[in-house]
2 protein chains.
Amino acid sequence: MKQPLHNRTDTGGRGETGSGRLYIVGTGPGDRNYLAPLATRALQHCTDVVGYGLYLDLLGDLIDGKTHHRLPLGKEVQRARLALELARAGKVCSLVSSGDAGIYAMATVVFQLLDENPDEGWGSIDIEVVPGISAVQLAAARSGAPLAHDFCTVSLSDLLTPWTVIEQRLHCAGQGDFVVALYNPVSVKRSQHLAVARDILLEYRSAGTPVVIARNLGRETEDVRTVELGAVDPDNVDMLTLVVVGNSETRCSGGWVYTPRGYRGAGV
Amino acid sequence: MKQPLHNRTDTGGRGETGSGRLYIVGTGPGDRNYLAPLATRALQHCTDVVGYGLYLDLLGDLIDGKTHHRLPLGKEVQRARLALELARAGKVCSLVSSGDAGIYAMATVVFQLLDENPDEGWGSIDIEVVPGISAVQLAAARSGAPLAHDFCTVSLSDLLTPWTVIEQRLHCAGQGDFVVALYNPVSVKRSQHLAVARDILLEYRSAGTPVVIARNLGRETEDVRTVELGAVDPDNVDMLTLVVVGNSETRCSGGWVYTPRGYRGAGV
């Protein structure tokens, strides 16, 4: 097995055996301030870059001189398949994923394809996942420390998960007093999902619970604001928004939102 | 209000008004491959660095020439207070936190101190939280894509959270079929917490559920292995270990662990 990038001292050329290599690279929120050096090295090291066009654009001159493969949103399986095909053909390929490649992103698509297609000859490809800063982490940093302690993430997209499962998760998140980060809070086809999520969480926590609404994180048009759970209005939230709902202990003070490490009375 | 670091073009000197500045910096797993450029810039920009000694050691020459303030584990409140005091005195201070400063880390300690001590004169300090790669993200990257979709984090430390609350959270995590990342799985005083957590989750998912056991992440002695939930043995887990328990859909194949984006039958 070839040495993974994080242990490599060389940064050029292809894998030692002539077979290809695949980096699944989390590029964070799009702002290069958050791009890990290992991600930069993977992008410099590769011959081919596969990704959604907007994410490739955000990488700018970092991927100059590489062969670009741009596939639209919704074509995640095709992107993963193409990246595997390129690596099998001997290329060093970076499959670009915004945020963390391992959280609501491309890494799992690759591993599922590998698992379900044992005869494709992809088994000899060296694969390395490079983590990145996920949207929920930047939303937290900008607003204070709303996650801080135990939290969960729930995607409100029912494209691949039955809505009944999502509702059950929201009930469990409420009952367990988890801070809840809501990914994919709305879309054109499902504008009311966020309202349902809000109402489920209101069964377990007060209407005054702080909620962080973070839009366009890491871009020039970034907008982060705090509202109360009872006042969450789906009409003010779009597909580029992440919503973080505090738990019973989350407080808002001096413009910052934070969840204490312990429960009241346990001291800081 | 002063411009935050992520919008600044200068990288030297103190805040424009002469009052201090505090960066709460997530330094990731300790391996500089994962240290965000913004974190590097904060460390270069500051005059004083406050942190646990080991974490400062890992930063090496990055913080040469800065005034170091080393405080032991367990002195989190004292570290946060010292950082605030230094910033109030006009210093540019980096409060160093391993992993993500906003996840089981220092940021919330600072905001709680600010909230509970309005008369300390800390209100005029410019504060910026710099996120980092958390242990759970590197554990995921090394093992495949076990998080991938909806997941939660639960700390098994009952120092500040009643054990009954932690047990309730574990039941909710099990019932909601969340992938579960267990932070602080054991300590000298509480060696059986992981066994209890395992047994609670076994009420909701099968004994064959894949579990990632990741130790010393990002260090030379890193060790990541996969076991079945029924075989999780607390004696093989220490304080430097992170445990990720898959959900009902998590699979293990070809040495990789992944959780599909959707539920069986929904396709990749």
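Sequence lines set the chain letters: A, B, ... in the order given, protein chains first and strands last, and positions in each chain run from 1.
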Measuring heavy-atom distances to chain B, does [X] have an atom under 4.5 Å in its side chain, in its backbone, in both, or in neither?
X        : answer
A/Pro118 : neither
A/Asn247 : side chain
A/Glu76  : side chain
A/Leu35  : backbone
A/Thr259 : backbone
A/Ala140 : neither
A/Asp177 : both

### Query
Looking at A/Ser134, A/Ala148, A/Gly102, which has the largest count of heavy-atom pairs under 4.5 Å with chain B?
A/Ala148
### Query
Does any non-hydrogen side-chain atom of A/Ile103 lie less than 4.5 Å from one of B/Phe151?
yes
### Task
For residues A/Phe111 and B/Val257, determine if any side-chain heavy atom of one lies less than 4.5 Å from a side-chain heavy atom of the other.
no
### Message
Heavy-atom cut-off 4.5 Å, strictly under: side chain, backbone, both or neither for B/Pro162 against chain A?
### Response
side chain
### Task
Go through the atoms of B/Val165 and report whether side chain, backbone, both or neither lie under 4.5 Å from a heavy atom of chain A.
side chain
